[in-house]
Every structure is written in C-alpha cells, then in structure tokens.
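Written out below as structure tokens is the structure these notes cover.
Quick caveat: nothing in here was measured; it's all calculated off a predicted structure. We use all heavy atoms of the structure for the numbers below, so side chains are in, but hydrogens, waters and symmetry mates are not.
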Protein chains: 2
Amino acid sequence: MDTETAPERIRAAGLKVTAPRSAVLEALSGPGHLDAEAVYERVRQTLPTTSLQAVYGVLAALTGAGLVRRIEPAGSSALYEGRTGDNHHHLVCTRCHTVADVDCVVGEPPCLEPSDAGGFAIHTAEVTFWGLCADCRSETAV
Amino acid sequence: MDTETAPERIRAAGLKVTAPRSAVLEALSGPGHLDAEAVYERVRQTLPTTSLQAVYGVLAALTGAGLVRRIEPAGSSALYEGRTGDNHHHLVCTRCHTVADVDCVVGEPPCLEPSDAGGFAIHTAEVTFWGLCADCRSETAV
DNA sequence: CAGTTGTTTTGGGTGATTCAAAACAACTGC
DNA sequence: GCAGTTGTTTTGAATCACCCAAAACAACTG
C-alpha cells in the first residue's frame with residue numbers, strides 16, 4: 001500500500017508530477033518532522049536548482065492533497081511529516097523542541113468526542129503533549 | 001479567590017507592579033482570547049502612552065508568572081487569555097479562527113496520560129478541537 | 001508535437017515578534 | 001519621606017517565516 005513511488009502517489013492524488021514535488025515527498029517519506037528550510041536542504045541535495053519558494057508551494061500543494069501533514073507546535077515554525085491518514089498525535093520537547101509521534105493514547109483512534117460544544121461542529125481533535133525528551137532529561141538531571 | 005485586584009495578583013506573583021502590567025492583566029480578566037495587538041489596543045484606552053513592545057514584554061512576564069496563558073493555534077498569531085490554572089482546552093474555527101474554551105471533555109481534568117512514551121517525561125497535554133463555529137456554520141449552510 | 005494549464009523561478013513584501021540601548025519608575029533600606 | 005538599586009518601559013531597528021505576483025518554464029492533453 002505504501003509501496004507506491006512518490007510520483008505514483010502524486011499522480012494518484014490528481015496532481016501534476018514534477019521533480020520538486022517528487023523530491024519533497026521523498027524527503028518526507030521517512031520518519032521525522034521537518035520545517036520548510038530542512039525540506040529545502042534535503043531537496044537541494046538531489047535537485048540543486050530548486051528554490052525555497054518552490055518548496056513552500058509544493059508543501060502547500062501536498063498538504064492540500066493530503067499527502068503530507070502539517071503541524072505547527074507553539075514556538076516552532078510549521079513542520080511537515082509524511083505520515084498521514086491516521087490522526088496520530090505529537091510529543092514536543094519543551095527544551096529542544098524535538099517532536100516525536102505518539103499513537104492515540106486515549107484509546108479511540110480519532111480521540112474525538114463529536115460533541116456540539118459551544119455550537120461548534122467539531123471534525124478534528126489535535127493533541128499535543130509537552131515534556132522533556134530523553135536527551136534533555138539526562139542533560140537537565142546533571 | 002478571584003476577587004483580588006490586578007495589582008494584588010501581580011505582586012502576589014512576585015512581580016513589580018506597574019501601570020502597564022495592571023492594564024494588561026485587566027484587559028485579559030474577561031473571557032476571550034486576544035492577540036498582542038488587541039491587548040495593546042485595549043491598554044491604550046486607559047494608558048495611551050504604552051508601547052506595543054511594552055505589551056509584548058508584559059505578556060511574556062505575566063505568562064512566565066502563570067497569570068496569563070498563551071496559546072498558539074496553527075494559522076493564528078499568539079493569543080493570550082486570563083483563565084489559567086485549569087488546563088482547559090480550545091475549540092478553533094477553521095473558517096474564521098474564533099477560539100472558544102472547552103472544559104476537558106475526555107473526563108480526567110488534566111487529560112493527561114503520564115506515560116513515558118518515547119522516553120519523554122510528559123507534563124502537559126494540550127488539546128485543540130477544530131471545527132466550524134455557529135456563525136460560520138450558518139453562513140456555510142446557505 | 002503543439003497547445004493549454006498549471007508550476008517554478010525570481011524578486012519583492014509583510015506581519016508578528018524579538019533585540020538592544022537609553023530613559024525611566026517601583027521597591028529597598030536609611 | 002528620600003536616595004539607590006534593580007528591573008521595566010520606551011524608542012528604534014532588525015529578524016524570521018511566510019506570502020504575493022509576474023514572467024519563464026514544464027507537464028499532460030489531443
């Protein structure tokens with residue numbers, strides 16, 4: 001299911017296939033959470049002529065198509081990840097701002113109470129856990 | 001408990017009492033979620049000489065002292081609210097970006113699974129619900 | 001293979017926030 | 001009360017992430 005290549009997935013989403021798009025999706029295929037600048041650096045390694053603005057444009061297109069997920073933890077710039085579909089949550093280190101994925105801890109996959117609280121029609125619940133990552137814990141413990 | 005005046009609460013938190021600080025805390029005493037600019041505008045009404053930078057400084061000081069809470073929903077600039085202590089959550093309208101408070105829906109007040117996921121020492125769980133507010137719902141329904 | 005549509009490049013611009021130095025004001029002890 | 005010390009506010013400028021627009025360009029259509 002995830003054995004499709006980046007170009008295939010882009011085409012399947014109804015988007016035009018271009019080198020920058022493939023490279024960006026490739027860069028986000030692994031784990032991790034990258035900001036636009038980090039994606040740009042990775043893309044440049046295989047496609048040195050790509051501009052930062054192109055990366056912003058591609059990220060917007062891929063996010064809109066659901067091929068990439070965008071998160072924006074307080075205090076960080078926007079981060080992008082290739083893991084989509086499941087509405088997993090995030091752990092953010094309060095010290096170094098590292099981000100880790102966490103599967104839904106509360107039990108129900110979407111972690112969503114489809115209540116009508118305050119007249120809102122809720123469709124997504126986003127959970128962010130804040131704490132100290134392993135590295136920062138050991139450094140702080142000293 | 002909340003009958004203390006703004007200056008009293010500032011002093012109790014170990015901070016120097018100044019006119020801008022009192023005015024900012026006053027501006028955030030009601031419900032609602034204001035960005036720095038909105039706080040600035042409110043403060044100017046009673047203290048016209050206050051600078052925007054002072055507001056930023058005061059907000060940082062009050063946030064650090066726990067008298068004010070800062071949230072940063074994706075797509076909005078930083079918002080400040082006077083309601084602190086309880087770790088309540090937020091509803092954000094995907095269309096107009098209005099923010100509403102919501103008490104912990106999942107049951108347990110802190111909504112926090114103190115698990116050690118991924119080596120992190122979690123201390124806070126932040127939940128943001130995304131949906132359409134009442135106003136935007138009726139406008140969209142047309 | 002030419003046309004159409006949409007993407008990328010290039011260059012500029014904006015808004016939110018932060019930084020730094022100097023002027024100033026709140027709390028301390030006298 | 002009053003001067004000193006410490007920390008705050010003002011003023012002015014700078015930064016960072018991100019967006020906008022026009023022109024050059026490339027992917028898919030027939």
Is the count of non-hydrogen atoms from other residues, nucleotides or ligands lying under 6.0 Å from Arg83(A) atom CZ greater than 12?
yes
Could you tell me how far apart [X] ([atom1]) and [N] ([atom2]) are, to the nearest whole angstrom?
| X | N | atom1 | atom2 | answer |
| --- | --- | --- | --- | --- |
| Leu47(A) | dA26(D) | CG | P | 12 Å |
| Asp35(A) | dA17(D) | CG | P | 7 Å |
| Tyr56(A) | dT14(C) | OH | P | 18 Å |
| Leu59(B) | dT18(C) | CG | P | 10 Å |

Contacts under 3.5 Å, N or O only, protein and nucleotides 28-30 of chain C:
none

So, applying side chain to side chain contact (heavy atoms under 4.5 Å, CB included) with Leu79(A), which one of Ile71(A), Leu34(A), Val39(A) is it?
Ile71(A)
Among Val58(A), Val24(A), Leu62(A), which residue satisfies the side chain to side chain contact (heavy atoms under 4.5 Å, CB included) criterion with Val68(A)?
Leu62(A)
When you compare the side chain of Val99(A) with that of Glu81(A), does any pair of heavy atoms fall below 4.5 Å?
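Contact flag for Glu81(A)/Val99(A) side chains = no.
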Flag the pair Thr94(B) / His123(A) as yes when at least one side-chain heavy-atom distance between them is below 4.5 Å, and no otherwise.
yes
[X] side-chain N/O to [Y] backbone N/O, donor-acceptor pair under 3.5 Å:
| X | Y | answer |
| --- | --- | --- |
| Asn87(A) | Thr124(A) | no |
| Arg21(B) | Lys16(B) | yes |
| Glu26(A) | Ala6(A) | no |
| Thr63(B) | Arg69(B) | no |
| Arg137(B) | Gly119(A) | yes |
| Arg11(B) | Val17(B) | no |

Among all residues two or more places apart in sequence or in another chain, which pass the side-chain hydrogen bond (donor to acceptor under 3.5 Å, both in side chains) test with Asp135(B)?
none
Tabulated below should be each protein N or O lying under 3.5 Å from an N or O of nucleotides 8-11 of chain D; please produce it.
| from | atom 1 | to | atom 2 | distance (Å) |
| --- | --- | --- | --- | --- |
| dT8(D) | OP1 | Arg21(B) | NH1 | 3.4 |
| dT8(D) | OP1 | Arg21(B) | NH2 | 2.7 |
| dT8(D) | O5' | Arg21(B) | NH2 | 3.3 |
| dT9(D) | OP1 | Thr18(B) | OG1 | 2.4 |
| dT10(D) | OP1 | Thr49(B) | O | 3.0 |
| dT10(D) | OP2 | Ser51(B) | N | 3.1 |
| dT10(D) | OP2 | Ser51(B) | OG | 3.1 |

Nonpolar side-chain network containing Leu132(A), other nodes, edges under 4.5 Å
none
DNA chain C-proximal residues of residues 63-77 of chain B, any heavy atom under 4.0 Å
Ser77(B)
Parsed dot-bracket for DNA chain D after applying the Watson-Crick and G-U rules with both distances under 3.5 Å and | for other-strand partners is ||||||||||||||||||||||||||||||
Can you see if the side chain of Arg11(B) gets near the phosphate of dC27(C) - specifically, an N or O under 4.0 Å from OP1 or OP2?
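Looking at the OP1 and OP2 atoms of dC27(C), one of them is under 4.0 Å from a side-chain N or O of Arg11(B).
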